[in-house]
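Numbering of residues begins at 1 and proceeds along the displayed sequence. When reading the values below, keep in mind they use all heavy atoms of this one structure, side chains included, and skip hydrogens, waters and symmetry mates.
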Amino acid sequence: MIRHIVWYLDLSQAELEMLERVAEFAARHGARLRAVFIEDESLLRSAELPCTREVSLTTGRVRELDPERIRLQLRRRREHIRQRLQQLARNRALEWSLEVEYGRREQLLARPPASRDEVPVLVLDPATELPTWDRPPEHEVLLLSRRFRPVEMVLAVWEEAARDAPVLARAEQLARQQQLPLWITVPAAGADELGPALEPRGLKGAMLPITDWSLPGVMAAASDRASLLVLHRDSPLLAGARMKNINAALLVAPEPQSSA
């Protein structure tokens, strides 16, 4: 079960347009949404410099960058987000909160969540490459497409039995929670080896061997159904891949090693 979702959003209009879809995902999964409005500290500091200017995109007019005007715009945008969240919560069972943080999204995503069951959300364009990290986060990350549709099935990637045990457990949990069909994709070349590991859990009938073992090949198994892809964050399928054809993806982190 996904109990808490945290979404770091910025000033862009595209972020506001995704607010309803992120709220819809949270409501359908019974998760509390913690929206965190990012105020770029670098922008505010730049606005205080006497040499800084802004150029209007519509008129080309150049004027001084007024720090107070920037802060006022940020306050108005925060209030707009708050009002929109209130409207969305009236139409669905949604618990939410709105906070303000200073910094950059990459820094905030990399730090540990506020609680163990909180999952950060990253919204990506279909043409965008899937994220890579110098130091991968030690927690789950949820990727949503800007074309996100309500989830109709859970699609798990079962590639290495030992490594992907957390993936299988998470996929089972989410499918059961939402009463969704579960398909477990495996490389066709390794189906004979991986299949027996699914038998004790009664999941061998959900196994779907994929001949074209690539991310596009896996996603083709979902046909035209809106899926939630569940896979290990270190899966080789992610290397150089893009969000194209991905509706939503949960990147599962390795299980923490117990100390001796």
Side-chain angles (χ1 to χ4, degrees), residues 1-6 24-33 93 113 115-122 130 136-145 148-210 213-215 217-238 241 245-258:
M1 179 180 293
I2 299 177
R3 298 184 183 277
H4 301 277
I5 290 174
V6 57
E24 180 70 21
F25 184 95
R28 282 178 176 266
H29 288 266
R32 178 181 177 84
L33 172 61
S115 63
R116 292 183 61 184
D117 57 2
E118 185 174 74
V119 180
V121 178
L122 190 59
L130 297 181
E138 295 300 324
H139 49 265
E140 293 180 338
V141 177
L142 175 65
L143 310 179
L144 292 185
S145 170
F148 169 77
R149 295 179 292 152
V151 173
E152 298 173 314
M153 65 179 294
V154 176
L155 193 65
V157 171
W158 179 245
E159 196 171 13
E160 295 181 18
R163 185 198 66 191
D164 294 337
V167 171
L168 190 59
R170 200 68 166 111
E172 275 191 284
Q173 183 187 56
L174 292 169
R176 190 184 312 114
Q177 173 197 355
Q178 295 298 307
Q179 298 183 336
L180 294 171
L182 169 64
W183 288 101
I184 303 168
T185 61
V186 301
D192 291 341
E193 177 184 350
L194 292 168
L198 297 175
E199 286 185 9
R201 307 178 80 146
L203 293 174
K204 190 169 183 180
M207 187 175 73
L208 189 62
I210 303 295
W213 190 247
S214 63
L215 196 56
V218 168
M219 295 313 304
S223 185
D224 59 348
R225 303 180 72 181
S227 64
L228 170 60
L229 180 68
V230 183
L231 72 169
H232 198 280
R233 66 128 207 245
D234 295 333
S235 170
L237 295 183
L238 296 172
N245 297 328
I246 296 178
N247 181 57
L250 184 67
L251 307 186
V252 178
E255 290 183 328
Q257 298 294 320
S258 59

Tell me the closest heavy-atom pair linking [X] and [Y], and the distance in Å.
X	Y	answer
Pro187	Leu194	CD-CD1, 3.9 Å
Ala191	Pro196	O-CD, 4.3 Å
Glu138	Ala253	C-CB, 3.9 Å
Val167	His232	CG2-N, 3.3 Å
Glu152	Pro181	O-CD, 3.4 Å
Leu237	Val157	CD1-CG1, 3.9 Å

Under the side chain to side chain donor-acceptor pair (under 3.5 Å) test, which residues partner Glu24, sequence neighbours left out?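 So Glu24 forms a side chain to side chain donor-acceptor pair (under 3.5 Å) with Arg28, Arg92.
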Could you work out, with side chain to side chain donor-acceptor pair (under 3.5 Å) as the rule, every residue matching Trp183, not counting sequence neighbours?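 If we apply the side chain to side chain donor-acceptor pair (under 3.5 Å) test to Trp183, skipping adjacent residues, there are no hits.
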Can you check whether [X] reaches [Y] side chain to side chain, under 4.5 Å on heavy atoms?
X	Y	result
Leu250	Leu229	no
Leu203	Glu172	yes
Leu142	Leu228	yes
Leu231	Leu251	yes
Ile5	His29	no
Val218	Leu155	yes
Val121	Phe25	no

Could you tell me the separation between the [atom1] atom of [X] and the [atom2] atom of [Y], rounded to the nearest 0.5 Å?
X	Y	atom1	atom2	answer
Leu180	Ser227	CG	OG	10.5 Å
Leu130	Ser235	CG	OG	10.5 Å
Leu238	Leu215	CG	CG	6.5 Å

Test side-chain hydrogen bond (donor to acceptor under 3.5 Å, both in side chains) applied to Gln173 and Arg170, step by step: CA-CA 5 Å; Gln173 183 187 56; Arg170 200 68 166 111; 2.4 Å; yes
Who pairs with Pro166 by side-chain contact (heavy atoms from CB on, under 4.5 Å), at least two apart in sequence or on another chain?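 Result, side-chain contact (heavy atoms from CB on, under 4.5 Å) vs Pro166: Val252, Glu255.
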Would you find a donor on one side and an acceptor on the other, under 3.5 Å apart, between the side chain of Thr185 and the backbone of Leu208?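 A pair under 3.5 Å: no.
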Would you say the side-chain atoms of Asn247 pair up with the backbone N or O of Ala226, donor to acceptor, closer than 3.5 Å?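 Not a single qualifying donor-acceptor pair exists.
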Any chance CD of Glu199 has more than 12 other-residue heavy atoms, nucleotides or ligands included, within less than 6.0 Å?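 Yes, enclosed.
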